[in-house]
Amino acid sequence: MGYKTIIEEDIDILVAGAGLGGTGAAFEARFWGQDKKIVIAEKANIDRSGAVAQGLYAINCYMGTRFGENNPEDHVRYARIDLMGMVREDLAFDMARHVDSTVHQFEDWGLPIMRNTKTGAYLREGRWQIMIHGESYKPIVAEAAKKSADKVFNRICVTHLLMDESKENRVAGAVGFNVRTGNYHVFKSKTVICGAGGASNIFKPRSVGEGAGRVWYAPWSSGSAYGLMIEAGAKMTQMENRIVLARFKDGYGPVGAYFLHLKTYTQNCLGEEYESNWWPQLTEMVGKEYLDIEASHLTHRPIPTCLRNHALINEVNAGRGPIHMVTMEAFQDPHLEEIGWHNFLGMTVGQAVLWAATDVDPKYENPELTTSEPYVMGSHATGCGAWCSGPEDVSPPEYFWGYNRMTTIEGLFGAGDAVGGTPHAFSSGSFTEGRLAAKAACKYIDDGKGEGIVVSDAQIQRRKEEIYKPLETYKVYSNEVVAGSVNPNFINPRQGLDRLQKLMDEYCGGFGVNYMTNEKLLQIGLKKMAIFGEDLDKIAASDIHELLRAWELKHRFLTSESVFQHTLFRKETRWPGYYYRGDAMKLDDENWHVLTVSRRDPKTGEYTMEKAPLYHLVGDMEDKDLAKLKAEGHH
Ligand code: AMP
């Protein structure tokens, strides 16, 4: 195809994907590896890439330990209850104990964090969330990573990991192509820290036509964190744990600042509070341990995110939609009104534009809320990702194999959405995870674990042919088009994406079926996925831009297949409001109080599934406090 091959060799640490996780990795790698060669490969431009590219109005994970606010253990308990028990507590604790120092660094680097003028403490939105002026959050943080790395390659779509040919199951770098020049890039590296993103747009989105592309998570998050690692044979965990968001309708504007800071609340179309009507039915499904309303009131322990969704979904199904966010009261206060608008201008400007365009003034009209299509990611209220080693001082043997945040592939580490079982890390926690992964990667190299790696020219050439095949397919068959973009010999990336989204929606529990699936549907879906996989070999790209879309689709496909397999494996409804297994509608702690772990054999494409123990490493201290409060007769 005439594209140049550009080889970057002798890399110690390759950061593949530089959102918040990847930037944290590059920054910390320089601290522990003064002498090391650190290289970043990023699909967009590091200054505006990843989920934080558009800015944020809050940092949702900050303990405030130095202000006496929370301890890391408190955060583990919070994440545990929010995720219906399913958290890798070693990883969650490790992140929480280091996250405050990350936030303090961000402030040193110039990120404006709002402060309480009397106490000097950061201004809180909620128990874990602090407020920032964060439109330029990503460029500020990227600066630190750029200063730390030897080289930053922007506009590189990383398509595959390279594997060592002298030792099985050891990573050797990565390959990809430049989305502007088309050139083929090879990165030979002792370690790779995968900081690529989670997955938007694998389930059919609610936004269509003129709104297409408007999604909750970043539209460019193509599941590459999972696609890259699954293809290489890394074990994954909790991939069934897709997340559904309650959001302002059509603009996907976030609700956290509204609920927590503005103290807005929801009601049905009759103007009634409806959530509590659903708690008895939900308690039947999930048990009192996960939905203790009394405890929620006493300790301000939030009701799990998925269960709040369940109430919303069912109220609408009962014919009492739409659900409204009551903003009209809070917006009478000019200060809160300003915050309400700022909140969107700092991170979801589209919602403000949409309200302006459709004549919705939240001061005089309560806007509609709805539930989104599902997303697969690992840093908001969900924990999809790779099965990684935890830290040596906290992790039990089943969770520990030498290096913190290392996947089951030697030398391959993860951060942010890439690491499984670590929900509620958000931006600051993802950066912190990158730091932890980089520190461990430096030790791995210093221990001599990355020596003697062999990457043959044959491997490099094989990947090159594979990467550019869609361009070749187009060249060979484009004359055989029968109408518009219909061609008997190939599909284009848009057609493939539509097919994937329909499949995921109808068989894997998207919004179109009210998040419902069952064993039979999943099996049919997997059969269709297998045929779709064959057709993906014949995907065609008319130019480099379509080549990018083709590879994003392949990563989305691998992610989706994994979600199917995990959803089939877990025979219970663990997160009502995220998805339902119609043939197992109850939470089943007896059989499923476990983490799910999968591996796709890179040679055969076959999946093996296993259950991994779920250890509660942090005690229920809060529950003891709760017992005390109850005994004292508080309500
Ligand atoms: P969001 O704006 O929905 O992304 O949420 C921002 C933060 O607020 C996250 O930490 C959420 O878990 C939290 N959050 C959002 N809504 C609520 C709620 N109703 N109760 C408790 N926490 C919430």
Side-chain angles (χ1 to χ4, degrees), residues 51-52 54-64 70 74-84 87 92 95-96 99 103 123-132 134 137 198 200 215-218 243-249 251-267 273-276 278-279 291 293 295-297 299-312 323-327 330 339-340 342-348 350-351 367 369-372 375 377-383 422-430 575 577-578:
V52 179
Q54 314 156 87
L56 283 180
Y57 192 73
I59 288 178
N60 285 339
C61 183
Y62 178 72
M63 304 298 114
N70 298 293
D74 298 323
H75 194 260
V76 175
R77 279 183 214 109
Y78 161 62
R80 176 164 79 204
I81 197 74
D82 194 61
L83 269 291
M84 310 298 286
V87 188
M95 180 278 292
V99 73
V103 173
L123 209 58
R124 284 234 175 243
E125 189 176 285
R127 180 169 175 187
W128 306 105
Q129 302 82 359
I130 57 172
M131 295 163 74
I132 62 174
Y137 189 177
S200 296
V215 285
W216 164 67
Y217 208 42
I243 182 171
V244 169
L245 292 301
R247 283 292 180 265
F248 286 108
K249 192 165 178 299
Y252 295 81
V255 298
Y258 280 70
F259 276 131
L260 303 175
H261 190 70
L262 273 60
K263 304 274 188 287
T264 60
Y265 53 93
T266 54
Q267 53 184 214
E273 185 278 325
Y274 63 91
E275 280 191 339
S276 56
W278 296 100
W279 301 152
L291 184 64
I293 299 296
S296 297
H297 289 315
T299 61
H300 305 288
R301 179 201 276 179
I303 291 161
T305 306
C306 60
L307 302 186
R308 279 186 271 124
N309 286 351
H310 175 89
L312 195 160
I323 301 304
H324 285 116
M325 181 75 107
V326 181
T327 51
I339 287 186
H342 271 187
N343 180 245
F344 291 155
L345 295 175
M347 63 174 157
T348 314
Q351 184 71 59
L369 286 188
T370 192
T371 49
S372 73
Y375 295 79
M377 48 94 70
S379 50
H380 201 279
T382 182
T422 60
H424 288 282
F426 296 100
S427 60
S428 51
S430 292
W575 304 276
Y578 284 175

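Just the heavy atoms: all of them, side chains too, but no hydrogens, waters or symmetry mates, feed the values below. Every number for a ligand or one of its atoms is a count from 1 in the order of the listing.
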Quiz item: Starting from atom 10 (O) of ligand 1, which protein heavy atom do you reach first, and at what distance in Å?
Solution: Gln129 NE2, 2.8 Å

Self-check item: Phe344 vs Tyr258, ring pair (Phe, Tyr, Trp, His ring centres under 6.0 Å): CA-CA, chis, key distance, verdict
Solution: CA-CA 11 Å; Phe344 291 155; Tyr258 280 70; 5.3 Å; yes

Self-check item: CG-CD distance between Asn343 and Gln351, expressed to the nearest 0.5 angstrom
Solution: 10.0 Å

Quiz item: Which atoms of ligand 1 sit under 4.0 Å from any heavy atom of His424?
Solution: 12 (O)

Quiz prompt | Option set Leu260, Asp82, Leu56, criterion heavy-atom distance to atom 8 (O) of ligand 1, minimum | solution = Leu260

Quiz item: Is a side-chain donor or acceptor of Asn60 paired with a backbone partner of His424 at a separation under 3.5 angstrom?
Solution: no

Quiz item: Which is it for Ile243 and Tyr578 under the side chain to side chain contact (heavy atoms under 4.5 Å, CB included) test, yes or no, and what are the steps along the way?
Solution: CA-CA 6 Å; Ile243 182 171; Tyr578 284 175; 3.7 Å; yes

Quiz item: Would Leu369 and Phe248 count as a side chain to side chain contact (heavy atoms under 4.5 Å, CB included) if you check the C-alpha gap in whole Å, the side-chain angles of each, and the deciding distance to 0.1 Å?
Solution: CA-CA 4 Å; Leu369 286 188; Phe248 286 108; 3.6 Å; yes

Quiz prompt | Nearest heavy atoms of Pro254 and Thr348, plus distance in Å | solution = CD-OG1, 3.2 Å

Quiz item: If you count the atoms of ligand 1 from 1 in the order shown, which ones are under 4.0 Å from a heavy atom of Gly256?
Solution: 1 (P), 2 (O), 3 (O), 5 (O), 6 (C), 8 (O), 15 (C)

Quiz item: Is a side-chain N or O of Thr370 found less than 3.5 angstrom from the main chain of Lys249, in a donor-acceptor match?
Solution: no

Practice problem: With heavy atoms of Phe426 as the reference, note each atom of ligand 1 found under 4.0 Å away. | Solution: 9 (C), 10 (O)

Quiz item: Short list, please: which atoms of ligand 1 are under 4.0 Å from a heavy atom of Val255?
Solution: 2 (O), 3 (O)

Practice problem: If the plane angle is over 60° it's perpendicular, under 30° parallel, otherwise tilted; pick one for Trp128 and Tyr78. | Solution: parallel

Quiz item: Looking at ligand 1, does any of its N/O atoms fall within less than 3.5 Å of an N/O of Thr305?
Solution: no

Self-check item: Shortest protein contact, atom 18 (C) of ligand 1 (heavy atom only)
Solution: Arg308 NH1, 3.3 Å

Quiz item: Any N or O on Glu125 sitting closer than 3.5 Å to an N or O of ligand 1?
Solution: no

Practice problem: Could you tell me the separation between the NE2 atom of His310 and the CG atom of Leu307, rounded to the nearest 0.5 Å? | Solution: 8.0 Å

Exercise. Have a look at Trp128, Tyr258, Tyr78 and point out the one with the heavy atom closest to atom 12 (O) of ligand 1.
Key: Tyr78

Quiz item: atom 1 (P) of ligand 1: which protein heavy atom is closest, and how many Å away?
Solution: Arg247 NH2, 3.3 Å

Quiz item: For ligand 1, which atoms, with element, lie under 4.0 Å from some heavy atom of His380?
Solution: 1 (P), 4 (O)

Practice problem: Considering only non-hydrogen protein atoms, determine which one is nearest to atom 6 (C) of ligand 1 and report residue, atom name and distance to 0.1 Å. | Solution: Asn60 ND2, 3.4 Å

